[in-house]
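Below is one structure, written out as C-alpha cells; the observations come after it.
So that the names make sense, note that chain A is the first sequence line, chain B the second, and so on, each numbered from 1. Keep in mind that the numbers below use all heavy atoms, side chains included, and drop hydrogens, waters and symmetry copies.
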2 protein chains.
Amino acid sequence: MKYMPKPKINSRSLLDEHPYLRQTLDLIADKWVVAVLYVLSHSTKRYGELQREIGNISQRMLTRTLRDLERNGLIERKVYPVVPPMVEYSLTPLGLTLNRVLKSMCDWSTENFQQVEIARDEYDKVNPPI
Amino acid sequence: MKYMPKPKINSRSLLDEHPYLRQTLDLIADKWVVAVLYVLSHSTKRYGELQREIGNISQRMLTRTLRDLERNGLIERKVYPVVPPMVEYSLTPLGLTLNRVLKSMCDWSTENFQQVEIARDEYDKVNPPI
DNA sequence: TTTCATACACACATTTGGGTATGTATAGCA
DNA sequence: TGCTATACATACCCAAATGTGTGTATGAAA
C-alpha cells in the first residue's frame, strides 16, 4: 500500500475553540477534586466527615484539595472559634453550578462502567500484561 | 464558645453508594484523558492531529493515554500498513456515551470559568502568595 | 545518497503527587 | 497530672508521573 498523506487543513486546536476548557480541565479533571465536590454536593460537611466519606484520602491531599477549591471560589470554609476546632465546608453558588457535571459523571458510572471492565479483560487477553 | 460535637450518623461513605463512581474517577478524572476524548468526540483523528489539536501534550503522554483509553474500550485504534505509518483513532460506541459528560464540562467552562478567575484574584489579595 | 515523514519505543532526568510522622492549641475528663 | 479530641500546618521522603532526547523502519522525493 502506498503512503497517502492527509491534507493538513483544520489543524488549529479544537481545545482552543472553547478558551476556558483547558483551564477548567486543570481545575476539575482531578480525582480528589471531584470526590470532594461530590460529597459536598449533598450537604455541608466537616473536615473529618469528608475524610471518612471519601475513605482513602490522606490529610495532606484533603487539606490541599480544600484549599485549592476555596481559592477557586468553589467551596466556602467556615471556621468556628471553638476548642477543639470546628470547620465546615460547603459549596458556594459557583460550586453548585458544577452539580450538572458531577451528576452526569455519576450517572455514566452506573450505566456504563461495567462495559469498561469487560473491555479491559478482553484487551488483557489479547495483549497479555508482561 | 463551647465545643459542641455533631452526632456521627450517616458516616458511611457517600462515594460508595455508587459503586463504580470511584473507579470512574480513576478512569476519566484526568486532564489528558478528557482532552483526548474531547477532540475525538468531533471526529476520527490521526496521532499527529491529536498532538497538534491538544497542543501541549508530549508524545509520551499522548501514547500512554491512547493506550489506556483503548484498553478501557473507549477508543478504537486502526493501523494502516503503510510507510510511513498511519494510525487512526476514534471513539467506540462506549466512548460515545461519554459525550454528555464532556459536553456538560465544556458548557460549564464557558459559562462559569470567569468567576473562578475573579475568586482567585480575591483570594490572593487576602492571602498573598508567599 | 541524503533527507523527510509518521508513530511510536525506550532510556534518562526531573518534577510532582502523595504518605507518614510530628507539632499546635486548649477545654474537659479521668 | 496527664490524656483525648479536632483540624489542621509543616517537614521529610519515596514513588509515580511526566518531559526530553534519541532511535527505528522504510518508501519516496530531492
Side-chain angles (χ1 to χ4, degrees), chain A residues 1-8 11 25-36 39-40 44-71 75-90 127 129-130, chain B residues 1-8 11 25-36 39-40 44-71 75-90 127 129-130:
Chain A
M1 201 193 213
K2 213 165 144 221
Y3 169 55
M4 170 212 47
K6 211 171 155 189
K8 284 180 194 172
S11 73
L25 294 186
D26 288 336
L27 188 66
I28 60 168
D30 176 279
K31 181 184 168 182
W32 299 132
V33 166
V34 178
V36 167
V39 172
L40 288 182
T44 294
K45 299 281 176 187
R46 294 184 60 184
Y47 184 92
E49 292 176 310
L50 278 166
Q51 196 168 4
R52 274 191 299 279
E53 304 213 4
I54 295 174
N56 58 340
I57 189 172
S58 69
Q59 294 179 16
R60 189 183 205 271
M61 278 303 101
L62 181 52
T63 301
R64 284 190 60 84
T65 304
L66 289 169
R67 282 300 128 76
D68 267 17
L69 288 172
E70 190 197 357
R71 174 167 182 266
I75 68 174
E76 193 197 352
R77 183 172 182 261
K78 206 171 192 174
V79 183
Y80 295 88
V82 295
V83 172
M86 170 156 103
V87 184
E88 281 183 351
Y89 296 92
S90 57
N127 310 48
I130 327 151
Chain B
M1 202 196 211
K2 216 164 139 226
Y3 168 55
M4 170 215 45
K6 212 171 155 189
K8 285 180 196 172
S11 73
L25 294 186
D26 287 336
L27 186 67
I28 59 168
D30 176 279
K31 183 183 167 182
W32 299 132
V33 166
V34 179
V36 167
V39 171
L40 287 183
T44 293
K45 298 280 178 189
R46 295 183 60 182
Y47 184 90
E49 290 175 311
L50 279 165
Q51 196 169 4
R52 274 190 300 278
E53 303 213 6
I54 294 174
N56 58 341
I57 189 173
S58 68
Q59 298 176 14
R60 191 181 204 273
M61 278 305 100
L62 181 53
T63 301
R64 285 193 61 82
T65 304
L66 289 169
R67 284 299 130 76
D68 268 18
L69 288 173
E70 189 196 357
R71 173 167 183 265
I75 67 174
E76 194 198 351
R77 182 170 181 263
K78 207 172 191 173
V79 183
Y80 296 88
V82 295
V83 173
M86 170 156 101
V87 183
E88 280 184 352
Y89 294 93
S90 57
N127 309 49
I130 325 152

Please give, in whole Å, the distance from [N] [atom2] to [X] [atom1]?
{"X": "A/Arg64", "N": "C/dG18", "atom1": "CZ", "atom2": "P", "answer": "10 Å"}
{"X": "B/Arg60", "N": "C/dA7", "atom1": "CZ", "atom2": "C1'", "answer": "16 Å"}
{"X": "B/Lys31", "N": "C/dG17", "atom1": "NZ", "atom2": "C1'", "answer": "14 Å"}
{"X": "B/Asp68", "N": "D/dT18", "atom1": "CG", "atom2": "P", "answer": "10 Å"}
{"X": "B/Tyr47", "N": "C/dA5", "atom1": "OH", "atom2": "C1'", "answer": "14 Å"}
{"X": "B/Met86", "N": "C/dT6", "atom1": "CE", "atom2": "P", "answer": "11 Å"}
{"X": "A/Leu62", "N": "C/dT20", "atom1": "CG", "atom2": "P", "answer": "15 Å"}
{"X": "B/Tyr80", "N": "C/dA5", "atom1": "OH", "atom2": "P", "answer": "22 Å"}

For [X] versus [Y], what's the shortest heavy-atom pair and its separation?
{"X": "B/Asp30", "Y": "B/Val33", "answer": "OD1-N, 3.0 Å"}
{"X": "A/Lys31", "Y": "B/Asp26", "answer": "CE-OD1, 3.2 Å"}
{"X": "B/Val34", "Y": "A/Ala29", "answer": "CG2-CB, 4.4 Å"}

Proximity to the side chain of [X] - top-ranked nucleotide from [options]:
{"X": "A/Ser58", "options": "D/dT6, D/dC8, C/dT20", "result": "C/dT20"}
{"X": "A/Pro85", "options": "D/dC8, C/dA7, D/dT6", "result": "D/dT6"}
{"X": "B/Val83", "options": "D/dT26, D/dA7, C/dC8", "result": "D/dT26"}

Quick one: is [X] getting a side-chain N or O under 4.0 Å of the [N] phosphate, OP1 or OP2?
{"X": "A/Tyr89", "N": "D/dC8", "result": "yes"}
{"X": "B/Arg77", "N": "C/dC8", "result": "yes"}
{"X": "A/Trp32", "N": "C/dG18", "result": "yes"}

*Measure from the side-chain N and O atoms of B/Tyr47 to the backbone N and O of B/Gln59, and report whether any donor-acceptor pair falls under 3.5 Å.*
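Between the backbone of B/Gln59 and the side chain of B/Tyr47 there is a qualifying donor-acceptor contact (under 3.5 Å).
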_I'd like to know if A/Gln59 reaches the base of D/dA7 with its side chain, counting only an N/O donor and acceptor under 3.5 Å._
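Answer no: no donor N or O sits under 3.5 Å from an acceptor.
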*asked:* Please check if the number of heavy atoms outside A/Arg77 that lie under 6.0 Å from its CZ is greater than 12.
replied: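 Atom CZ in A/Arg77 is crowded, with more than 12 foreign heavy atoms closer than 6.0 Å.
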